[in-house]
Engineer: 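One structure coming up, written as structure tokens, with questions to follow.
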Amino acid sequence: MSEALVSVKNISKTFSANKGMFGKKKFVHAVNDVSFDIMPGETFSLVGESGCGKSTTGKLIDHLITPDTGEIWFEGKDISKISDNEMRPLRSDIQMVFQDPYGSLNPRMKVQDLIGEPLLIHTNMTAGERLKKVHELLGVVGLSPSHGERYPHEFSGGQRQRVGIARALAVGPEFIICDEPISALDVSIQAQVINMLEDLQEQMGLTYLFVAHDLSMVRHISDRVGVMYLGNMVEIADYDKLYEKRYHPYTEALLSAIPQVDQNVKTERIHLEGEVPSPSDPPSGCRFHTRCPKACDRCRREVPELKKVAEGHFVACHLY
Ligand code: SF4
């Protein structure tokens with residue numbers, strides 16, 4: 001078995017929030033003791049509702065923030081505690097594509113300068129060489145060289161995301177963190193962007209961490225999926241295995257919300273009661289117990305550990 005490209009080991013991250021009533025300082029437990037590996041060439045998806053810690057996990061791996069505890073290994077090097085200077089040479093290997101390309105692209109810069117900026121920072125290319133490379137990248141993401149002369153506001157949402165992807169590809173990364181890259185796009189455009197990401201992965205041997213809020217979005221692109229709830233990893237499995245047999249009641253509810261392609265397969269939609277509890281005041285024991293239809297006394301007291309239930313399939317639930 002090959003070595004993991006990315007290895008996340010027991011990372012936790014807490015943010016201090018506004019003071020609550022009586023001036024007591026609050027802490028948001030965004031990511032809590034999360035571990036997983038990403039193998040070279042695979043797409044590992046992190047899925048869960050808003051506030052589950054999936055995007056924070058992506059930012060921790062991208063070194064935009066640092067974990068309080070735990071380690072993040074990339075290509076055999078622990079990058080969790082290194083300085084920004086030490087991280088700089090790795091910047092061309094790890095890139096990020098954001099949910100809101102409009103927010104992440106400087107509106108005053110032409111698209112050719114936006115895509116060329118990482119080349120200016122990380123390479124010794126001349127201006128002519130950079131422009132040639134930018135034109136090549138525009139072609140790779142299905143745009144033409146003339147698009148380089150335009151500004152971000154002159155593009156549709158889908159085209160802007162293509163620009164964001166071209167910018168991420170500029171320095172030839174091995175690993176791309178795609179943070180909800182299709183959530184803000186029309187459904188008709190989502191499939192085009194997913195297909196393009198899949199083609200690029202095949203052509204360039206890329207490895208992806210794909211962050212999304214529901215399982216239907218990662219259906220076609222994922223090799224493996226990690227399901228997160230309120231900062232905890234609750235289930236990890238191959239997407240196909242998860243589709244056949246899921247163990248965690250939360251994963252069951254997420255999957256029941258996906259419309260069935262096969263009309264002969266009848267699944268009952270599971271509606272979870274109540275809101276997701278605040279990560280600043282997470283429930284005791286299993287954090288899902290306040291919404292779990294199968295919760296028992298033990299669930300309120302004891303935190304379930306992520307345990308192996310089948311080959312490559314891990315679940316954190318007292319039922320297994
Ligand atoms: Fe539900 Fe208990 Fe399992 Fe948590 S540990 S998912 S509350 S059954």
Side-chain angles (χ1 to χ4, degrees), residues 8-14 26-37 44-58 68-70 210-219 222 224-258 260 265-320:
V8 174
K9 300 180 183 183
N10 308 100
I11 53 164
S12 295
K13 181 71 185 176
T14 300
K26 282 189 161 190
F27 293 94
V28 174
H29 306 277
V31 175
N32 188 37
D33 198 20
V34 164
S35 301
F36 58 92
D37 286 342
F44 185 88
S45 295
L46 277 180
V47 174
E49 288 160 293
S50 166
C52 71
K54 56 190 189 303
S55 289
T56 304
T57 303
D68 301 330
T69 54
F210 199 96
V211 175
H213 59 260
D214 79 48
L215 279 161
S216 65
M217 287 192 176
V218 301
R219 191 179 201 157
S222 307
R224 289 186 304 131
V225 179
V227 180
M228 290 186 74
Y229 183 80
L230 215 57
N232 286 2
M233 186 70 83
V234 298
E235 188 156 8
I236 298 178
D238 286 3
Y239 189 91
D240 294 342
K241 282 189 190 158
L242 202 65
Y243 210 72
E244 275 168 31
K245 170 89 180 131
R246 50 279 188 179
Y247 291 84
H248 200 281
Y250 179 61
T251 314
E252 185 77 46
L254 287 184
L255 274 166
S256 78
I258 302 179
Q260 290 297 322
V265 180
K266 293 266 176 278
T267 52
E268 204 178 314
R269 175 89 194 255
I270 300 167
H271 292 279
L272 293 173
E273 300 288 327
E275 296 294 312
V276 182
S278 166
S280 64
D281 187 20
S284 59
C286 172
R287 290 187 173 186
F288 187 54
H289 85 249
T290 53
R291 300 169 80 202
C292 180
K294 298 178 179 169
C296 62
D297 265 359
R298 185 181 174 200
C299 304
R300 292 175 194 94
R301 289 192 316 268
E302 275 179 50
V303 179
E305 277 177 35
L306 197 68
K307 279 185 285 202
K308 185 172 170 180
V309 285
E311 200 46 50
H313 201 147
F314 301 85
V315 180
C317 174
H318 291 311
L319 297 176
Y320 307 99

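Ligands are counted one by one from 1 in listed order, and the atoms in each one are counted from 1 as well. All figures in this text were calculated on a predicted structure; none of them were measured in a lab. Counting begins at 1 with the first residue of the sequence.
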Engineer: Is there a side-chain contact between Arg287 and Tyr250, using heavy atoms and a 4.5 Å cut-off?
Structural biologist: no

Engineer: What protein heavy atom lies closest to atom 3 (Fe) of ligand 1? Include the residue and the distance to one decimal.
Structural biologist: Cys317 SG, 2.3 Å

Engineer: Please work out, at 4.0 Å between heavy atoms, whether the side chain, the backbone, both, or neither of Pro249 comes within that distance of ligand 1.
Structural biologist: side chain

Engineer: Using a 4.0 Å cutoff against the non-hydrogen atoms of Leu319, which atoms of ligand 1 qualify?
Structural biologist: 8 (S)

Engineer: With a 4.5 Å heavy-atom cut-off, do Asp37 and Phe44 have their side chains touching?
Structural biologist: no

Engineer: Considering only protein heavy atoms, which is closest to atom 5 (S) of ligand 1, and at what distance to one decimal place?
Structural biologist: His318 N, 3.3 Å

Engineer: Which ligand 1 atoms, with their elements, are less than 4.0 angstrom from a heavy-atom of Cys292?
Structural biologist: 1 (Fe), 6 (S), 7 (S), 8 (S)

Engineer: Could you check whether any side-chain heavy atom of Tyr229 comes within less than 4.5 Å of a side-chain heavy atom of Arg291, counting everything from C-beta outward?
Structural biologist: yes

Engineer: Show the nearest heavy-atom pair for residues Ser35 and Ile236, with the distance to one decimal.
Structural biologist: O-CD1, 3.8 Å

Engineer: Under a 4.5 Å cut-off applied to non-hydrogen side-chain atoms, are Val47 and Ser222 in contact?
Structural biologist: no

Engineer: Please tell me if the side chains of Tyr247 and Cys317 come closer than 4.5 Å, counting only heavy atoms from C-beta onward.
Structural biologist: no

Engineer: For ligand 1, indicate whether the residue His248 contacts it via side chain, backbone, both or neither (heavy-atom separation under 4.0 Å).
Structural biologist: side chain

Engineer: Measure the distance from atom 4 (Fe) of ligand 1 to every protein heavy atom, then report the residue, atom name and distance (to 0.1 Å) of the closest one.
Structural biologist: Cys286 SG, 2.4 Å

Engineer: Of all the atoms in Cys299, is at least one N, O or S atom closer to atom 2 (Fe) of ligand 1 than 2.8 Å?
Structural biologist: yes

